[in-house]
Amino acid sequence: MYNRTEIASLLKNQPIGEKVTVMGWVRAFRNNQFIALHDGSDAGTLQIVVDPEKIAATITRRIGFHACIMVTGSFQSSQGAGQQFEILADTVEILGDNDLEKYPLQPKRQTMEFLRQKAHFRMRTQTFSAVFRIRHAVAFAVHKFYNDRGFYYLHAPIITGSDAEGAGEMFRVTMLSPDKPPLNDEGKVDFSKDFFGKATNLTVSGQLQGEIAALALGKIYTFGPTFRAENSNTPRHLAEFWMIEPEMAFYDIIDNMDLAEAFCKYLIAYVLEHNATDLAFLDQRLKEEEKSLPTDKRRELGLLEQLEFVVNNDFVRITYDEAVAILMQSKPYKKGQFEFPVEWGRDLQAEHERYLVEKEFKKPVIVRNYPKDIKAFYMRMNDDDKTVAAMDVLFPGIGEVIGGSQREERESVLIDRMEKSGIHPEEMDWYLDLRRFGGAPHSGFGLGFERMVQFITGMGNIRDVIPFPRTPGNAEF
Ligand code: 4AD
Ligand code: MG
């Protein structure tokens with residue numbers, strides 16, 4: 001058994017004068033004397049002071065960047081500037097050599113694109129260690145938020161026979177031979193011969209199953225992977241991403257928006273409180289990165305300032321009608337600078353959402369009551385017969401982080417909407433049963449987990465907040 005102590009525990013308990021053993025990776029080695037060691041347990045590094053005379057020169061030379069070492073020595077207050085504590089090493093043992101000649105990561109700034117190709121090493125960089133510690137904290141905070149409010153965690157299935165969003169951008173799950181699939185009388189692939197006896201896909205959303213549970217347990221949330229085969233090569237889209245979907249009986253659209261706002265603020269406040277060192281590092285990183293940008297391209301607020309700002313201010317709430325009116329009055333609209341048209345009945349594009357959030361209000365914005373034709377069949381029809389009780393939460397730099405709605409609980413209205421959306425009601429009999437037998441008003445939404453982590457960490461590309469990104473043409477590792 002290794003008798004070692006984690007760096008986080010040393011920094012917390014501060015056993016001054018005691019002999020301790022630490023294990024970790026070298027982040028820097030200066031003047032043949034000072035090692036900055038990290039072991040992942042804490043955002044910071046621990047300084048190790050080695051006596052070049054006492055520690056064999058051969059070993060000293062091999063303690064390169066990212067080598068893995070074991071150090072035994074006494075834990076001390078540090079006299080030097082820059083760190084509070086250090087270990088005066090008695091022995092240093094190499095656990096894993098690092099051949100600097102061949103190691104792909106040099107101790108210098110790397111591009112994010114390059115690091116993505118080295119996903120097995122990128123996590124060792126300070127930036128990605130910070131991002132993935134924060135990702136963990138956000139996931140933990142998700143569970144804490146809902147657990148503390150009496151919600152139950154529901155595991156929705158990953159393989160499903162239904163298309164919740166009706167968008168048809170699904171990955172097929174099949175055991176049929178791609179070369180010689182069985183065919184039916186019409187010459188089409190006969191999925192009744194497939195593993196599940198029907199066509200199945202990876203889920204695009206756990207919502208429909210969430211509704212089953214909400215109408216039994218009252219308040220539930222799902223938190224799982226979601227898959228979308230949309231060919232979107234943008235800094236905001238992944239083919240495999242994680243979504244949190246709360247679903248609540250007896251919540252209307254206003255209750256739903258209140259929960260969404262409280263949830264976003266809670267996650268951000270949690271990270272501000274628990275990950276201060278990592279956030280400070282990422283804040284500094286962004287400031288460095290922005291130095292090379294022209295002033296008008298820089299962020300108005302630093303990362304920390306922006307997070308504080310979102311936590312401490314009410315989100316703006318407007319209707320889709322108001323959003324369209326604002327956009328039509330906007331400078332970029334009048335000057336023809338938007339790429340996509342603005343017109344009642346069309347969906348808002350990222351550029352429009354960002355205008356509302358970043359230019360008009362400079363705050364997160366919740367837009368509600370969208371035209372029925374651009375939203376999913378399950379959203380509740382408003383009395384105007386033109387809009388549905390949908391809501392999107394829009395964030396600066398990101399655009400849509402949450403999409404949700406009050407659900408259509410009236411059977412006849414729902415059937416009508418299904419038919420108009422090309423969904424066969426008989427294929428979703430179970431979903432209609434929820435309206436037939438003890439139906440209840442209910443609402444819910446989906447938060448894109450990576451988009452929230454992206455906002456909190458300030459990372460420019462969503463691929464850099466998920467350990468192993470899956471995007472069109474890319475499923476390495
Ligand atoms: O707006 P969406 O499609 O909503 C639903 O799936 C509903 N069933 C949710 C519900 O009401 N229970 O997706 C929800 C959120 C989006 O707001 C966005 O943040 C994120 O999921 N999202 C993606 N994130 C990364 N990559 C993608 N391709 C994403 N597509 C959606
Ligand atoms: Mg959406």
Side-chain angles (χ1 to χ4, degrees), residues 138 142 146 151 154 156 160 162-171 202-214 219-248 251 253 255-257 259-260 263-264 267 320 347-350 352-353 357 364-368 370-371 374-380 388-395 397-408 431 442-456 459 461-466 469-472 474:
V138 182
V142 166
Y146 287 113
F151 285 64
L154 182 85
T160 167
S162 58
D163 175 6
E165 293 306 297
E169 291 156 335
M170 297 180 296
F171 290 101
L202 295 178
T203 187
V204 294
S205 159
Q207 176 194 324
L208 304 188
Q209 292 87 358
E211 287 185 51
I212 296 180
K219 297 184 304 231
I220 64 92
Y221 68 105
T222 71
F223 184 3
T226 354
F227 307 87
R228 298 203 180 169
E230 51 194 344
N231 200 1
S232 305
N233 256 311
T234 82
R236 317 263 171 266
H237 287 89
L238 291 163
E240 175 179 300
F241 64 99
W242 288 64
M243 202 182 345
I244 297 115
E245 297 184 272
E247 191 70 32
M248 300 74 63
Y251 270 50
I253 186 76
D255 299 317
N256 206 23
M257 293 194 294
L259 183 74
F263 181 39
C264 291
L267 297 181
Y320 171 89
D347 207 357
L348 302 180
Q349 300 295 323
H352 308 137
E353 297 177 341
V357 174
V365 176
I366 310 182
V367 181
R368 69 173 185 285
Y370 283 81
I374 57 172
K375 289 291 185 187
F377 69 93
Y378 52 70
M379 298 186 176
R380 192 177 196 281
V388 287
M391 60 110 182
D392 279 2
V393 180
L394 313 178
F395 262 40
I398 306 287
E400 179 189 336
V401 285
I402 284 182
S405 68
Q406 185 167 341
R407 317 306 188 192
E408 184 56 77
Y431 190 68
H442 62 290
S443 297
F445 60 81
L447 170 78
F449 182 64
E450 283 77 17
R451 291 197 185 169
M452 179 53 90
V453 176
Q454 206 188 342
F455 178 73
I456 294 177
M459 298 300 282
N461 193 313
I462 197 166
R463 299 167 199 212
D464 293 326
V465 300
I466 187 162
R470 270 84 181 94
T471 49
N474 185 14

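Counting convention: from 1, in listed order, for ligands and their atoms alike. Side-chain atoms are counted along with the backbone in the values below, which use heavy atoms only and exclude waters and symmetry mates.
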Can you sort out which atoms of ligand 1 are near Y378, meaning under 4.0 Å from one of its heavy atoms?
7 (C), 8 (N)
For V393 and A260, which heavy atoms make the closest approach, and how far apart are they?
CG2-CB, 4.2 Å
Whether R451 side chain and I398 backbone form a donor-acceptor pair below 3.5 Å
no
Just verifying a value: how many Å separate S443 OG and M391 CE, rounded to the nearest 0.5 Å?
8.0 Å
Exercise: identify the closest heavy-atom pair between G404 and R407
C-NH1, 4.3 Å
Please identify which atoms of ligand 1 are closer than 4.0 Å to at least one heavy atom of G403.
1 (O), 9 (C), 10 (C), 11 (O), 17 (O)
By side chain to side chain contact (heavy atoms under 4.5 Å, CB included), A214 pairs with (sequence neighbours left out) I220, E247
Looking at ligand 1, does any of its N/O atoms fall within less than 3.5 Å of an N/O of E230?
yes
Please confirm whether E247 comes under 4.0 Å of ligand 1, counting heavy atoms of the residue only.
no
Option set K375, R236, M243, criterion heavy-atom distance to atom 14 (C) of ligand 1, minimum
M243
Which pair of non-hydrogen atoms, one from H237 and one from T471, has the smallest distance, and what is that distance?
O-CG2, 4.0 Å
Within ligand 1, which atoms have a heavy atom of G404 less than 4.0 Å away?
11 (O)
Any N/O/S of E400 under 2.8 Å from the Mg ion (ligand 2)?
yes
Do the side chains of W242 and F223 get nearer than 4.5 Å, heavy atoms only?
yes
Applying a heavy-atom cut-off of 4.0 Å, say which part of F445 lies close to ligand 1: side chain, backbone, both or neither.
backbone
Whether E450 lies under 4.0 Å from ligand 1, heavy atom:
no
Classify the side-chain pair Y378/E211 by whether it contains a donor and acceptor separated by less than 3.5 Å.
no
Counting from 1 in the order shown, the ligand 1 atoms closer than 4.0 Å to a non-hydrogen atom of R407 are 10 (C), 11 (O), 12 (N)
Do the non-hydrogen side-chain atoms of K219 and Y251 ever get within less than 4.5 Å of each other?
yes
If we only count N/O pairs under 3.5 Å, is V204 in contact with ligand 1?
no
Near I402, which atoms of ligand 1 are under 4.0 Å from a heavy atom of that residue?
17 (O)
Among M452, R228, E245, Q207, closest by any non-hydrogen atom to atom 2 (P) of ligand 1
R228
